[in-house]
Amino acid sequence: MKMPAFAAAKIFRSASRHRLYSSFHKIMDNLAPPKAGARAASSFVFDKAFVNGEWVAASSGKTFEVVNPANGKVIGSVPDMDAADTEKAVQVAYKAFQSWKETTAKERAALLRRWGELVHENKEELAKLLTSEMGKPLAESVGELNYGAGFLELFAEEAKRVEGDIIQTPIKTRRLLVLKQPIGVSGMITPWNFPNAMITRKAGAAIAAGCTVVLKPAEDTPYSALALCDLAKQAGIPAGVLNVVTSSRDNASQVGKVLCKSPLVTKLSFTGSTFVGKLLLEQCASTVKKVSLELGGNAPFIVFPSADVDAAVLGAMGAKFRCSGQTCVCANRFYIHESIYDEFVQKFGATVEKELRMGDGTAPGTTQGPLINKKAVEKIEAQVQDAVSKGAKIVCGGKSTGGNFFEPTVLTGVSDDMRCAKEENFGPIAGVIKFKTEDEVVALANATSSGLAGYFYSRDLGQIWRVAERLETGLVGVNEGVISVPDAPFGGWKESGLGREGGRYGIDEYLEIKYVCMGGL
């Protein structure tokens, strides 16, 4: 007897899901079992996108593979959705917005808080998934999960702090009010380097404000996004409020174009390269959409002669080498005063060689995972070769060790005309540049079109105030190398972006202000 088509499809999907689970179990074989009460990492692996509270395939039936950057092995596959799939998700989000915007802040806060609690309860297992698709060491992945859950906790609180205003009226028979209301369906495009926290930072704020979300995660790291959807559903967030559309690089531009040009989407938030951010901004102009952009950086790291050099070296390690240098706020240009240059370089190089260990992010002792792909390795190789050809010297590292791995590298004799100083590295290389005066180094630090983060070390209080105010960046670390927290606003100046995420300012990006004049009183 011939099996009905729907039954055969069901069995095929089940078998496919089983193979995906089995593959993931093999990857996790040597890792610690889940803690009591937590779900296993494999239970968070979904091979479907998430729309209207359901797991859905692409309408074309197409999928694309997700690869572990540490070993090149395929983790599994997810739907390769296109413009039509995205349009459907937008329609779902728009319909859900009509009821979600009527919920109370207290109701939204309770759901967000529970979502954050579920992330926290399962963070060790979610970290295994994150490390497998992105590559960062497990300890860093757990740190990101804590960071991501922190945004959900924060915006659960901020939901209840959205307040309007009453303005003193110049006319006795009128009352002047200001209301803040949710902006509507929010399109989001998130990066691969923080595949959990960049979603909670954006979606947490939008949902807290009363908006609904259609989100496209990076094609390299869709599983962390889908795992968050599963926990959101478990937390009780209604169908259609959070929707995730997965797509390959081939379909990314058409998915992004729908989010930019659809009149039903009234807000776009993007984290990624400056080049892509500019394209999205142009596309959003057709509907005069409100846009938040968190784009590339070229962060200076300055060490003044009054600084504690040991503390500066420790700060430099965090500011440069966390996530293998693959963050938009990583220090890119190291400016060291000539009087302490040799001391800093010697201590910095020695610390890099002693403390950093490359390897699979799941292996004990690993501090440096792989770069995300071969293209990233080739970019770093080219920057090092350019620097050396122009006179820079390699203190340590300087080469690829195979696959997607590149040695943590320190370069001296670097000048501002070298690629490693002009371009965002997004990799584990630190070019060290000598300077003489405060005015000189501030001018050098600001001589870029980017303006995301800046760092400096000094124990001169007057200098601290002057330089903190003069640096043309949205974030400044003073005697600190790792400064991002959920409670503080995050965003750049100049071509590093528009708007702010995180802190009490982050929710404002998803609110419209309405003035109401009540007359005849």
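The shown structure was predicted, so the numbers you read here are calculated from the model rather than taken from an experiment.
- With 3.5 Å as the limit, one finds a donor-acceptor pair spanning the side chains of Q383 and N425.
- In this structure, F151 has its ring center under 6.0 Å from that of Y147.
- E381 pairs by the side-chain hydrogen bond (donor to acceptor under 3.5 Å, both in side chains) definition with nothing, not counting sequence neighbours.
- A salt bridge is defined here as a Lys NZ or Arg NE, NH1 or NH2 lying under 4.0 Å from an Asp or Glu carboxylate O, and K375 with E378 fails to meet this definition.
- Nearest heavy atoms, P370 versus G359: CD-O, 4.3 Å.
- N146 is linked by a side-chain hydrogen bond (donor to acceptor under 3.5 Å, both in side chains) to K123, counting only residues two or more places apart in sequence or in another chain.
- Nearest heavy-atom pair across K494 and S450 is CE-O, 3.2 Å.
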| said: For a salt bridge (Lys or Arg N to Asp or Glu O under 4.0 Å) check, start with the C-alpha distance between E54 and K48, then their side-chain angles and the critical distance, and finish with the verdict. | reply: CA-CA 9 Å; E54 298 177 348; K48 297 289 187 292; over 6 Å; no

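- Within the cation-pi definition used here (under 6.0 Å to the ring centroid, within 45° of the axis), R333 does not qualify as a partner of F301.
- Checked by atom type and distance alone, the side chain of K136 pairs as donor or acceptor with a backbone atom of N193 at under 3.5 Å.
- For E219, the salt bridge (charged side-chain N to carboxylate O under 4.0 Å, His left out) partners are K216, R249, not counting sequence neighbours.
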If you look only at distance, which donor and acceptor atoms sit under 3.5 Å apart when one is on a side chain in residues 270-277 and the other is two or more places apart or in another chain?
| unit_1 | atom_1 | unit_2 | atom_2 | d |
| --- | --- | --- | --- | --- |
| T271 | OG1 | K202 | NZ | 2.8 |
| S273 | OG | V276 | N | 3.1 |
| T274 | OG1 | G296 | N | 3.2 |

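- The two residues W192 and M134 have their closest heavy-atom pair at O-CG, 3.2 Å.
- Residues forming a ring pair (Phe, Tyr, Trp, His ring centres under 6.0 Å) with F155 (at least two apart in sequence, or on another chain): none.
- A donor-acceptor pair under 3.5 Å is absent between the side-chain atoms of T212 and the main chain of V241, judged by distance alone.
- The shortest non-hydrogen separation linking V244 to P217 is CG1-CD, 3.7 Å.
- Between E121 and R114 there is a salt bridge, since at least one side-chain N of the basic residue sits less than 4.0 Å from a carboxylate O of the acidic one.
- D80 and S248 share a donor-acceptor pair across their side chains, judged by distance under 3.5 Å alone.
- Looking at T366 and R357, their side chains never bring a donor and an acceptor atom within 3.5 Å of each other.
- Other residues, nucleotides and ligands place more than 12 heavy atoms under 6.0 Å from the NZ atom of K379.
- E124 and K35 are joined by a salt bridge, as a carboxylate oxygen and a charged side-chain nitrogen come within less than 4.0 angstrom of each other.
- Remark: the S224 side chain and the E133 side chain contain an N/O donor-acceptor pair separated by less than 3.5 Å.
- Residue pairs meeting the side-chain hydrogen bond (donor to acceptor under 3.5 Å, both in side chains) criterion with at least one member in residues 226-240, sequence neighbours excluded: R39-D230, R39-Q234.
- In this structure, T131 contributes its side chain and K128 its backbone to no donor-acceptor pair below 3.5 Å.
- A donor and an acceptor atom, one from each side chain of K267 and S292, are located under 3.5 Å apart.
- Side-chain N or O atoms of E144 include one that pairs as donor or acceptor with a backbone N or O of A197 at under 3.5 Å.
- Without hydrogens or angle criteria, D82 side chain to D85 main chain gives a donor-acceptor distance under 3.5 Å.
- Checked against V51 for a side-chain contact (heavy atoms from CB on, under 4.5 Å), the options V90, L242, V56 give a single hit: V56.
- A donor-acceptor pair under 3.5 Å is formed between the side chain of N122 and the backbone N or O of L118.
- A salt bridge does not link E158 with R504: none of the charged nitrogens is closer than 4.0 Å to a carboxylate oxygen.
- N251 and Q254 are linked by a side-chain donor-acceptor pair at a separation below 3.5 angstrom, with hydrogens and angles left out of the test.
- Listed for the S400 side chain is a donor-acceptor partner under 3.5 Å among the backbone atoms of F405.
- Considering all non-hydrogen atoms of both residues, E424 and C328 come closest at OE2-CA, 3.6 Å.
- Between the side chain of N243 and the backbone N or O of V213 there is at least one donor-acceptor pair closer than 3.5 Å.
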